[in-house]
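Worksheet for the structure shown next.
Computed from a predicted structure; not experimentally measured. Here is the naming used below: chain letters follow the sequence lines, and residue numbers restart at 1 for every chain. Because only heavy atoms are used, hydrogens play no part in the values below, and waters and symmetry mates are left out as well, while side chains stay in.
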Amino acid sequence: MFPIKFARENIELLKQAAQNKNISVDWDVFQNIENERRKILKSLEEEKRVHKNLNQQLALLKKKGQPYEHLLEQAKKLSDQIKEKEQLLRDLEEKIEEFLATIPNIPHKDVPVGKSSQDNVVVRSWGEIKKPSFEVMPHYEIGAKLGILQLEKGAKMTGSFFPVFADKGALLVRALINFMLDLHTKNGFTEIWPPALVNRKSMFGTGQIPRLEQDMYRLKDEDLFLIPTAEVPVTNYHREEAIPEQQLPLRYCAYTPCFRREAGAYGKDTRGLIRLHQFDKVELVIFSKPENSYNELEFLVNEAEKVLQLLGLTYRVVLLCTGDMSFAASKCYDLEVWAPGVEKWLEVSSCSNFEAFQARRADIRYRTKSGKTDFVHTLNGSGIALPRTIIAIMENYQTSRGTIVIPEVLRPYMGGITEIS
RNA sequence: GGAGAGAUGGCUGAGUGGUCUAAAGCGUCCGCCUCGAAAGCGGAUGUGCCCUUUCGGGCACCGCAGGUUCGAAUCCUGCUCUCUCCGCCA
């Protein structure tokens with residue numbers, strides 16, 4: 001979200017940015033309302049000034065014991081006028097706030113302009129695409145055969161796209177979570193265990209509301225939302241705070257389940273674990289000084305990459321083009337892992353710098369030693385999402401005998417077993 | 001769930017209807033002093049918005065939102081959070 005003054009003075013820049021992001025915004029309404037608002041504000045402030053003077057005179061007269069009643073009528077009349085105008089102004093400001101909340105963030109100048117994922121740029125790759133001598137089963141097939149992935153059980157207790165992991169599958173989930181959190185905390189990220197339900201203000205702070213409200217699960221009685229990612233609670237951990245400068249950068253990691261309605265997404269990638277309503281994810285969140293945030297973004301991507309490298313999974317790093325980036329992001333890298341069973345590159349991490357966009361919505365600042373405050377830059381990235389990582393493990397570590405070898409780094413977390421058979 | 005207490009600037013803390021334009025102290029910054037520093041002395045020191053080419057001027061903000069009043073940090077109502085006690089609970 002941008003300050004009203006910035007929006008007014010940089011309207012062409014914002015229009016271009018929204019167009020590049022394929023997001024439509026009603027600009028005319030803004031300009032009309034904003035002109036009206038300033039007109040009213042100016043006359044309101046003048047009336048208030050006169051009213052204030054009048055009241056000071058009044059107070060003085062009363063103190064001296066002189067008659068003041070003759071001023072009362074004028075003061076009353078003015079007071080009523082001011083109240084009326086204030087209401088008018090409040091209505092206009094509300095409309096403007098609503099409007100400002102729908103303007104997307106401006107992409108960084110290094111981000112390629114493009115319409116869709118076709119225009120994304122692969123910046124580097126790691127590992128190689130192996131061609132196994134046997135036919136690799138897709139994960140849902142081998143998962144069902146080994147009894148570790150039970151999609152129909154989840155569908156029975158809840159609905160489709162709520163998977164059940166059982167036996168060694170459940171152990172694998174738990175092992176991955178612990179492995180990732182151990183890695184990140186060892187590398188200087190502070191672990192957070194946040195709530196999985198958050199309030200409306202938190203969702204607004206990170207930018208899910210208003211545009212994505214329909215994509216989230218909501219408790220109507222309490223007006224709480226199930227988090228679509230740990231980014232939401234962990235970024236809001238510092239909402240409405242001023243962080244002492246010397247504490248920056250603050251780096252956090254958090255494991256949470258994530259919930260997404262995926263409204264309208266049916267029919268695309270619907271088989272198996274690719275797209276789910278509930279899934280597990282370890283998230284990384286960084287609060288940075290503005291001048292360091294792009295270095296922090298590279299640091300963040302590298303940290304997420306370490307997970308894939310240690311698991312021995314082939315992946316590539318993709319710089320998203322303007323049209324494929326999210327509403328709040330300035331620059332974003334995706335990590336995509338190769339899955340030979342479904343024969344696809346699967347997005348397992350999305351690492352973004354939001355600059356001050358979220359910080360302004362959530363009012364997260366830092367304070368210098370002399371007491372000056374400015375908005376921090378916020379960043380986050382998956383480190384990493386579990387289901388698609390599990391797909392990659394089930395398909396890349398599959399043997400011709402129909403078993404799955406456990407990646408070495410996970411074995412200590414799985415009681416030393418080397419294979420699921 | 002019940003009862004009570006509280007929330008004021010970067011921090012501590014005064015203020016209970018009218019120059020509050022928020023005392024005082026601490027901190028921070030600048031200057032004087034000093035070879036340099038400390039101490040001492042003097043001055044400055046919040047945020048947002050509007051107007052203005054500049055200089056500057058104005059409005060708002062005492063947890064949040066309403067209300068009473070010509071006038072609210074101060075009175076009233078609701079909410080949020082913190083603390084104390086009681087009850088319930090994995």
Can you give me the N/O atom pairs linking the protein to nucleotides 50-55 of chain B at distances under 3.5 Å, or say none if there are none?
from: B/C50; atom 1: OP1; to: A/Arg8; atom 2: NH1; distance (Å): 2.8
from: B/C50; atom 1: OP1; to: A/Arg8; atom 2: NH2; distance (Å): 3.0
from: B/C51; atom 1: OP1; to: A/Arg38; atom 2: NH1; distance (Å): 2.8

Distance, rounded to the nearest Å, where [X] contributes [atom1] and [N] contributes [atom2]:
{"X": "A/Arg239", "N": "B/C64", "atom1": "CZ", "atom2": "P", "value": "15 Å"}
{"X": "A/Arg49", "N": "B/C59", "atom1": "CZ", "atom2": "P", "value": "7 Å"}
{"X": "A/Asn53", "N": "B/C59", "atom1": "CG", "atom2": "C1'", "value": "13 Å"}
{"X": "A/Glu240", "N": "B/U82", "atom1": "CD", "atom2": "P", "value": "14 Å"}
{"X": "A/Lys39", "N": "B/C59", "atom1": "NZ", "atom2": "C1'", "value": "19 Å"}
{"X": "A/Glu241", "N": "B/U82", "atom1": "CD", "atom2": "C1'", "value": "15 Å"}
{"X": "A/Leu60", "N": "B/U21", "atom1": "CG", "atom2": "C1'", "value": "15 Å"}
{"X": "A/Glu93", "N": "B/A60", "atom1": "CD", "atom2": "C1'", "value": "10 Å"}

For nucleotides [N] and [M], find the distance between their [atom1] atoms and express it as a whole number of Å.
{"N": "B/G46", "M": "B/A65", "atom1": "P", "result": "23 Å"}
{"N": "B/C62", "M": "B/G17", "atom1": "C1'", "result": "16 Å"}
{"N": "B/A37", "M": "B/G31", "atom1": "P", "result": "10 Å"}
{"N": "B/U16", "M": "B/C55", "atom1": "C1'", "result": "42 Å"}
{"N": "B/G27", "M": "B/A38", "atom1": "P", "result": "12 Å"}
{"N": "B/U82", "M": "B/A72", "atom1": "C1'", "result": "25 Å"}
{"N": "B/C89", "M": "B/G4", "atom1": "P", "result": "24 Å"}
{"N": "B/U8", "M": "B/G2", "atom1": "C1'", "result": "30 Å"}

Pairing check on [N]: which nucleotide meets the Watson-Crick or G-U wobble criteria with it, both distances under 3.5 Å?
{"N": "B/C75", "result": "B/G67"}
{"N": "B/G48", "result": "B/C59"}
{"N": "B/C35", "result": "none"}
{"N": "B/C20", "result": "none"}
{"N": "B/G1", "result": "B/C86"}
{"N": "B/U54", "result": "none"}
{"N": "B/G10", "result": "B/C26"}

**Message:** Tell me whether the count of non-hydrogen atoms from other residues, nucleotides or ligands lying under 6.0 Å of NZ in A/Lys289 goes above 12.
**Reply:**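 Buried by this count: over 12 neighbours within 6.0 Å.
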[X] and [Y]: side chain donor to acceptor below 3.5 Å:
{"X": "A/Asn20", "Y": "A/Gln16", "result": "yes"}
{"X": "A/Asn105", "Y": "A/Ser330", "result": "yes"}
{"X": "A/Thr378", "Y": "A/Gln358", "result": "yes"}
{"X": "A/Thr403", "Y": "A/Glu419", "result": "yes"}

Measure up the [X] and [Y] rings against each other and bin them: parallel (under 30°), tilted (30 to 60°), perpendicular (over 60°).
{"X": "A/His277", "Y": "A/Phe162", "result": "tilted"}
{"X": "A/His238", "Y": "A/Tyr252", "result": "tilted"}
{"X": "A/Phe179", "Y": "A/Tyr413", "result": "perpendicular"}

**Item:** A/Arg90 or A/Leu72, whichever maps to the more 5' nucleotide of RNA chain B
**Value:**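 The residue whose closest nucleotide sits nearer the 5' end is A/Arg90.
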**A/Gln56 or A/Lys48, whichever maps to the more 5' nucleotide of RNA chain B** =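 With A/Gln56 and A/Lys48 compared, the 5'-side residue is A/Gln56.
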**Message:** What's A/Ala59 touching, base or sugar-phosphate or nothing? Going by heavy atoms closer than 4.0 Å.
**Reply:**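 Base contact - A/Ala59 has a heavy atom under 4.0 Å of at least one base atom.
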Give me the distances for all protein-to-nucleotides 71-76 of chain B N/O pairs that come in under 3.5 Å?
from: B/G71; atom 1: OP1; to: A/Ser79; atom 2: OG; distance (Å): 2.9
from: B/G71; atom 1: O4'; to: A/Asn55; atom 2: ND2; distance (Å): 3.4

**Prompt:** Does A/Gln214 offer a backbone N or O that forms a donor-acceptor pair with the side chain of A/Arg261 under 3.5 Å?
**Reply:**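 Side chain of A/Arg261 to backbone of A/Gln214, a donor-acceptor pair under 3.5 Å: yes, one is there.
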**Request:** Would you confirm whether A/Ser116, through its side chain, and A/Gln118, through its main-chain N or O, come within 3.5 Å as a donor-acceptor pair?
**Result:**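 Looks like yes, one N/O pair under 3.5 Å.
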**Request:** Report yes if at least one side-chain N or O of A/Lys52 is closer than 4.0 Å to OP1 or OP2 of B/U19; otherwise report no.
**Result:**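 Result: no.
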**Request:** In plain terms, say whether A/Glu355 and A/Arg360 are close enough for a salt bridge, that is, a side-chain N and a carboxylate O under 4.0 Å apart.
**Result:**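 No, this pair does not count.
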